[in-house]
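Within every chain, numbering begins at 1; the chains are lettered A, B, ... in the order of the sequence lines, protein sequences first and strands thereafter.
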Number of protein chains: 2
Amino acid sequence: MSKVEAKRAFSSKKADAILSAALQEFSAHGFTAATMSQVAATAGVSKATIYSHFDDKENLFVALVKKMAQQKASTPFWEQMLQGDPRKVLPLLLSKALDTITSDSTLLAFKRLIIGESGRFPKLAQIFVCNMSKPSLEILSQYLATQPYLKFADPEATARVVVGTIVYYTQMQEMLHGKEIIPMDKERLVATLVHMVLSSAEPLQSEDSP
Amino acid sequence: MSKVEAKRAFSSKKADAILSAALQEFSAHGFTAATMSQVAATAGVSKATIYSHFDDKENLFVALVKKMAQQKASTPFWEQMLQGDPRKVLPLLLSKALDTITSDSTLLAFKRLIIGESGRFPKLAQIFVCNMSKPSLEILSQYLATQPYLKFADPEATARVVVGTIVYYTQMQEMLHGKEIIPMDKERLVATLVHMVLSSAEPLQSEDSP
DNA sequence: GTCTATAAGTAGATAGAC
DNA sequence: GTCTATCTACTTATAGAC
């Protein structure tokens with residue numbers, strides 16, 4: 001990659017270090033409580049260097065969210081898992097999704113940040129929705145809509161129920177520290193959700209008798 | 001109520017005004033960005049008066065959350081709605097719940113605040129879960145478990161799916177400003193969710209043939 | 001109990017040396 | 001391009017008058 005291209009993509013060694021530090025600091029303390037001095041220290045640069053790369057604190061925050069949005073929009077993983085019989089695929093997928101989401105504490109803190117600042121930075125919340133929520137809903141909805149032996153009356157709405165259940169569970173248990181207050185076994189939830197999804201579909205034609 | 005009782009309940013005219021102002025300011029700007037000067041101005045008192053009622057800023061925040069938790073834990077409304085045939089009750093209840101949640105912008109901002117600060121104030125997040133989330137789940141779970149003509153394999157998990165769907169929808173559409181990005185008609189979601197809940201239950205015995 | 005005035009500290013942002 | 005040193009504004013919290 002040429003120097004010009006690197007410049008166009010806003011990526012340099014220092015800038016990356018700054019954005020990485022910004023992720024840490026903003027996630028840990030929130031937008032306002034995070035200080036430019038601490039971001040500089042974590043990034044191993046001076047404050048002045050930050051200001052030479054980013055206009056101001058707000059701008060740094062915007063750049064961070066945009067970077068995370070395009071980086072974490074890794075849908076290919078889900079797409080390759082969503083193939084085959086829902087009775088086999090859904091339990092595995094949802095179980096795996098729950099494990100992945102609950103174990104990524106960096107992403108957890110980042111989501112706290114986005115939601116917490118969504119009132120003051122609506123545009124950034126929309127970037128998050130556009131790049132991270134929308135693709136998940138669309139991929140799952142698409143999968144449900146194209147099942148050969150199952151007819152879902154409203155695949156889009158069904159996808160909302162599925163994703164909503166997963167997201168709500170992780171928010172309650174992990175994000176809001178509700179594990180001990182409202183305990184719920186992960187597999188119980190997955191089993192119930194899968195059962196609800198499958199029983200709501202009409203069998204389109206018997207797969208045993210062609 | 002005697003003066004002593006009023007004191008015991010930590011309620012005085014000034015303290016109430018301060019807590020009310022704190023709700024506004026913290027909700028609008030977040031914990032750190034909200035200033036004690038602005039809280040004082042909104043409450044119509046001086047900063048020193050705030051510090052005579054509450055030890056410090058953090059303490060004021062804690063007092064606010066505790067007050068909101070006991071005030072907004074208004075379950076009696078839902079309890080009286082949850083009576084009768086689920087096929088009639090659930091559509092009405094869920095539709096009403098969505099309307100109520102999406103229209104209360106004060107509560108919306110407060111939830112942003114709780115989630116945003118849940119990393120730095122885990123205890124407050126737990127108070128929220130304990131007083132606002134847990135009761136909803138329990139009441140709905142109880143209702144599902146006691147249906148005479150429907151047998152739910154796991155009422156608790158089913159309640160998670162229902163509440164999760166509702167909460168996720170309001171978070172996406174309202175909290176994160178996703179209305180135009182991922183539009184979804186409210187009634188479509190309710191219809192699909194109700195269908196999924198009912199179709200997942202086993203008919204316990206015919207209600208037409210006793 | 002409540003206010004005015006102020007102390008003490010820290011934030012974001014920049015000027016100028018290298 | 002990056003750093004050190006600094007400026008200005010604002011924050012929490014309090015001391016002392018009423």
Side-chain angles (χ1 to χ4, degrees), chain A residues 1-65 113 116-117 120-121 124, chain B residues 2-65 113 116-117 120-121:
Chain A
M1 185 187 276
S2 74
K3 278 182 183 177
V4 174
E5 282 171 331
K7 185 82 182 185
R8 261 202 334 122
F10 296 103
S11 64
S12 74
K13 277 256 175 70
K14 296 276 187 191
D16 282 348
I18 293 167
L19 284 170
S20 174
L23 174 60
Q24 275 186 245
E25 296 302 321
F26 284 135
S27 294
H29 306 108
F31 173 74
T32 306
T35 72
M36 296 298 265
S37 297
Q38 193 56 52
V39 172
T42 302
V45 300
S46 72
K47 266 195 287 186
T49 300
I50 299 182
Y51 282 99
S52 81
H53 286 266
F54 306 92
D55 289 344
D56 54 18
K57 192 185 185 184
E58 204 168 301
N59 214 284
L60 173 61
F61 184 43
V62 173
L64 169 65
V65 174
L113 180 64
E117 300 298 339
R120 295 167 291 278
F121 296 94
L124 295 187
Chain B
S2 74
K3 276 183 184 177
V4 174
E5 281 171 333
K7 185 83 181 185
R8 258 200 338 120
F10 295 105
S11 63
S12 74
K13 276 258 175 69
K14 296 276 186 190
D16 282 347
I18 293 167
L19 284 170
S20 175
L23 174 60
Q24 275 186 246
E25 296 302 322
F26 284 135
S27 294
H29 306 107
F31 173 74
T32 307
T35 71
M36 297 297 265
S37 296
Q38 193 55 51
V39 173
T42 302
V45 301
S46 72
K47 268 191 287 185
T49 300
I50 299 182
Y51 283 98
S52 81
H53 285 265
F54 305 92
D55 289 345
D56 53 18
K57 192 184 183 183
E58 206 168 300
N59 214 285
L60 173 60
F61 185 44
V62 173
L64 169 65
V65 174
L113 180 65
E117 301 297 339
R120 292 166 295 274
F121 296 94

Enquirer: Please name the pair of heavy atoms, one in Tyr51(A) and one in Asp56(A), separated by the smallest distance, quoted to 0.1 Å.
Expert: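 Minimum heavy-atom separation between Tyr51(A) and Asp56(A): CE2-CA, 4.0 Å.
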Enquirer: With sugar-phosphate meaning primed atoms plus P, OP1 and OP2, does Ser46(B) contact a base, only sugar-phosphate, or nothing at under 4.0 Å between heavy atoms?
Expert: base
Enquirer: Quick one: Phe54(A) CZ to dG12(C) C1', roughly how many Å, whole number?
Expert: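 My rounded result for the distance is 16 Å.
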Enquirer: Any chance you could list the contact pattern along nucleotides 13-18 of chain D? Use B for base contacts, S for sugar-phosphate-only contacts and - for none, protein heavy atoms under 4.0 Å, 5' to 3'.
Expert: BBB---
Enquirer: List, one per line, each side-chain donor-acceptor pair under 3.5 Å for residues 39-49 of chain A, sequence neighbours excluded.
Expert:
residue  : atom : partner  : partner atom : Å
Thr42(A) : OG1  : Glu25(A) : OE2          : 2.9
Thr42(A) : OG1  : Gln38(A) : O            : 2.9
Ser46(A) : OG   : Thr49(A) : N            : 3.4
Ser46(A) : OG   : Thr49(A) : OG1          : 3.2
Lys47(A) : NZ   : Ser37(A) : OG           : 3.4

Enquirer: Please tell me if the side chains of His53(A) and Ser12(A) come closer than 4.5 Å, counting only heavy atoms from C-beta onward.
Expert: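 Answer yes - side chains close enough.
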Enquirer: Is the distance from OP1 or OP2 of dT2(C) to the nearest side-chain N or O of Thr49(B) less than 4.0 Å?
Expert: no
Enquirer: Hey, is the side chain of His53(B) poking within less than 4.0 Å of OP1 or OP2 on dG1(C), counting only N and O atoms?
Expert: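 So the side chain of His53(B) is outside the cut-off, no N or O lying under 4.0 Å from OP1 or OP2 of dG1(C).
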Enquirer: Output the single nucleotide from dT2(C), dT12(D), dC3(D) whose closest atom is nearest the side chain of Lys14(B).
Expert: dT2(C)
Enquirer: Without decimals, in angstroms, what is the distance between Phe61(B) CZ and dT12(D) C1'?
Expert: 17 Å
Enquirer: How far apart are the C-alpha atoms of Met36(B) and Leu60(B), what are their side-chain angles, what is the distance that settles it, and do they pass the side-chain contact (heavy atoms from CB on, under 4.5 Å) test?
Expert: CA-CA 10 Å; Met36(B) 297 297 265; Leu60(B) 173 60; 4.2 Å; yes
Enquirer: Tell me the closest heavy-atom pair linking Thr32(B) and Ala33(A), and the distance in Å.
Expert: OG1-CB, 3.4 Å
Enquirer: Which pair of non-hydrogen atoms, one from Asn59(A) and one from Asp55(A), has the smallest distance, and what is that distance?
Expert: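 Taking Asn59(A) first and Asp55(A) second, the nearest heavy atoms are ND2-OD2, 3.8 Å.
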Enquirer: Indicate the atoms forming the closest heavy-atom contact of Phe54(A) with Ala15(A), along with that distance.
Expert: CZ-O, 4.4 Å
Enquirer: Taking the inter-plane angle between the rings of Phe61(B) and Phe121(B) on a 0 to 90° scale, is it parallel (under 30°), tilted (30 to 60°) or perpendicular (over 60°)?
Expert: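 The rings of Phe61(B) and Phe121(B) stand perpendicular, inter-plane angle above 60°.
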Enquirer: Enumerate the residues from residues 25-34 of chain A whose closest heavy atom to DNA chain D is under 4.0 Å, giving them by residue number; use none for an empty result.
Expert: none
